[in-house]
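Working notes, structure below.
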Protein chains: 2
Amino acid sequence: MATLADVAKHAGVSASTVSYVLSGKRSISEQTRRRVEQSVIELGYHPNAGARALAARRSHIVALVVPLRADVYVPIMMEIAISVTMAARRHGYDVLLITNDEGVDGVRRVAASGLADGVILMDVELDDERIPALRAQGTQAALIGLPDNTAGLSCVDHDFTAAGALCADHLADLGHREIAFIGYGAGVYHRHAGYAERTLTGFRTRADQRGLRFLHRSCEGTYESTAGTLARILADRPDTTGFVVQNEGAIGPLLNLLRGMGRTVPEDASVVALCPEQLAEQYSPRLTAVTGPTKQLGRVAVEQVLGRIAAAGRGDRPGDELVLLTPVLTVRESTGPAPR
Amino acid sequence: MATLADVAKHAGVSASTVSYVLSGKRSISEQTRRRVEQSVIELGYHPNAGARALAARRSHIVALVVPLRADVYVPIMMEIAISVTMAARRHGYDVLLITNDEGVDGVRRVAASGLADGVILMDVELDDERIPALRAQGTQAALIGLPDNTAGLSCVDHDFTAAGALCADHLADLGHREIAFIGYGAGVYHRHAGYAERTLTGFRTRADQRGLRFLHRSCEGTYESTAGTLARILADRPDTTGFVVQNEGAIGPLLNLLRGMGRTVPEDASVVALCPEQLAEQYSPRLTAVTGPTKQLGRVAVEQVLGRIAAAGRGDRPGDELVLLTPVLTVRESTGPAPR
DNA sequence: TTGAAGTGTCGAAGCGCTTGAATTGACGGT
DNA sequence: ACCGTCAATTCAAGCGCTTCGACACTTCAA
């Protein structure tokens, strides 16, 4: 395996010159640069990652901590993981996968050993136990999700409040007046996953502004649970014509149940889902849905950590940053004008 | 950040002694070991990954190459990725995520730079272009999936042939005589993904042995495509009572369509799916399904690469290894005795 | 009593790269 | 002719760890 020294010899220059050609940190004459680049190619040289990390005190790796919980829609996690990886590559970084069963120690280990220059945390909870650890260690990080205290942190998340509001607006625009909001099961709210509450708040606020009557019911996402929830909703508010479904698991059952009781979507009832496009397209009828730009989540998180790493490298104190990505409502076949 | 030297000073021993305590590569007196371990804890010492990799010529990282294709069921990929990561950790290894858009170069890069000691390839195709690259570079690898030529390679995959046979046996046991096999769209077969063919072969062989009449029809997995496929099946073989569904995308549509035409599952028709448990549980009725042990796929792959890395480290030539994991058929609610 | 064979520890030489300081010319201004 | 300036290059000192060989000391068989 060729080393820097081999390249230097081959090109007839010193090792440091080769290093500078590769890093671009000092000016190099056109001639020398070309000779060196030629040698690099001829020898098939790849800088040794360990040596580079040791000398430069920078591994060019960020760690991505993925949750193991089953209640998150898995394809989305994968999409984030992939967008993180691709974004990182564009900046010359690689991504180390850390599962959350290592817990706080995983982050500590990877940061303290210099294996990773920074960390991206997915599925951050409101009072996430990993955050104090980050602060204590001075580890550079970007969080996907919003904790309650974001001071000194870089965070990115979907704007769930806006998502909730979009649902309310859409149904109001179509003339619906009685809406049911089918939320998550108690577990999700207990876990302090802020997104559930923020969506609800956004919806509630806008619904009030638009003069909608609505009902919020939590739902576990199973068939049975959805059946129960729907029954209670229709018992309490028989005139409900609009449904907002936050829990992806409840979508299929809800559609089946409505069909089963003879209510046609969208003629008799409109359904708006809060879910990835992929899912929305999968049902019949295809669902009008509010979707956040998942790939950007990964991209922004990468830019945030790398920004912080660069700042810390310059000796600056990295500032906070809070990015909320605007969701989009796509009208498909599951919503229509309210029946009279 | 504490270094080896700091620990040595703190414990009153030489740096090499600390190193040997940590690696266990030479015998150390009980007393010294304890003093060193104490110092490690007190100083919060974490060995520097770069330095270790440089000196030992081993990064303790394996790269996992994940496909970007959308036609693979994503949660399974995630499950594999996670089981790989956890298995690797158990052996003191970390996992680097590589997306397949880097193609062959990604593998080359991480191996040549010493970033990773080995590579795990997911979604291997029959004549995968990455395999010659591995051979040329002498990169240690484990493949998840079966290429056509496995000489000198370590591979692990589900035993799809057995999976197909299980389906045939189950339906035959229940007395079904006319079976339809709903396969993948042409794209999957063209891509030379061996699993599609192996499953079909396993089914076909066993079906013949058991005296079943069957029909194989490919299907894209969309609602429309499934409707067309089903219509053709019932036109050709109106007495079909058993369905084997290989394409996960066709499951939901098939169930809906059967319901729509008044055929009750499992009274009028039995459906066996080839899919993850998670998916099988999600439908109503819950599906009798053949499922491979996904987590083991990751675990075995890790053991294979690490085994090869260790062998190469000892100077041995790592041998081939081919592991096929036995799938399991779980009876749920979608299959029953054939109607007379 | 002596040598051979362990045990436990240390010293020092790297591993392949980065980077601050030093060096060498070339050029332009005075 | 001289000096300061600047661009291009080289030197050399690490970065923090592993590991080979050496060394001192025990132990035990001959």
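FYI, side chains are in, hydrogens and waters are out, and symmetry mates aren't considered; it's all heavy atoms of this structure. By convention in this document, chain letters (A, B, ...) are assigned in the order of the sequence lines, proteins followed by strands, and residues within each chain are numbered from 1.
D:dC17 atom P lies 16 Å from atom CG of A:N48, rounded to whole Å. For the pair B:D6 CG and D:dC17 C1', the computed distance is 13 Å after rounding to whole Å. Note: CD1 (A:I28) to P (D:dC6) measures 19 Å, nearest angstrom.
Rounding to the nearest 0.5 angstrom, the gap separating the CD atom in B:E79 from the CG atom in A:L68 is 11.0 Å.
Counted by atom type alone, B:H10 and B:S39 present one or more donor-acceptor pairs between their side chains at under 3.5 Å. In this model, no donor atom of one side chain and acceptor atom of the other lie less than 3.5 Å apart for B:S16 and B:S19.
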Side chain to side chain contact (heavy atoms under 4.5 Å, CB included) assessment of A:I309 paired with A:R58: CA-CA 9 Å; A:I309 292 169; A:R58 189 122 300 167; 3.8 Å; yes
B:V62 and B:V119: side chain to side chain contact (heavy atoms under 4.5 Å, CB included), yes or no, with the steps? CA-CA 5 Å; B:V62 292; B:V119 173; over 6 Å; no
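Across all strands, A:T32 comes closer than 4.0 Å only to sugar-phosphate atoms, never to a base (heavy-atom distances).
In 5' to 3' order, the nucleotides of DNA chain C bounding all contacts with chain A (an atom under 4.0 Å from a heavy atom) are C:dG16 to C:dA21.
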Check nucleotides 11-14 of chain D against the protein and report each pair of N or O atoms closer than 3.5 Å, with its distance, or say if there are none.
from, atom 1, to, atom 2, distance (Å)
D:dC11, N4, A:S16, OG, 3.1

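Comment: B:R33 engages B:E30 in a salt bridge, judged by a side-chain N to carboxylate O separation of less than 4.0 angstrom. In summary, A:D105 and A:R130 do not engage in a salt bridge, as defined by a charged side-chain N under 4.0 Å from a carboxylate O.
Exactly one of B:R308, B:Q140, B:Q304 qualifies for a side chain to side chain donor-acceptor pair (under 3.5 Å) with B:S154. That residue is B:R308.
Heavy-atom nearest nucleotides on DNA chain D were determined for B:L54 and for B:T17, and the one closer to the 5' end corresponds to B:L54.
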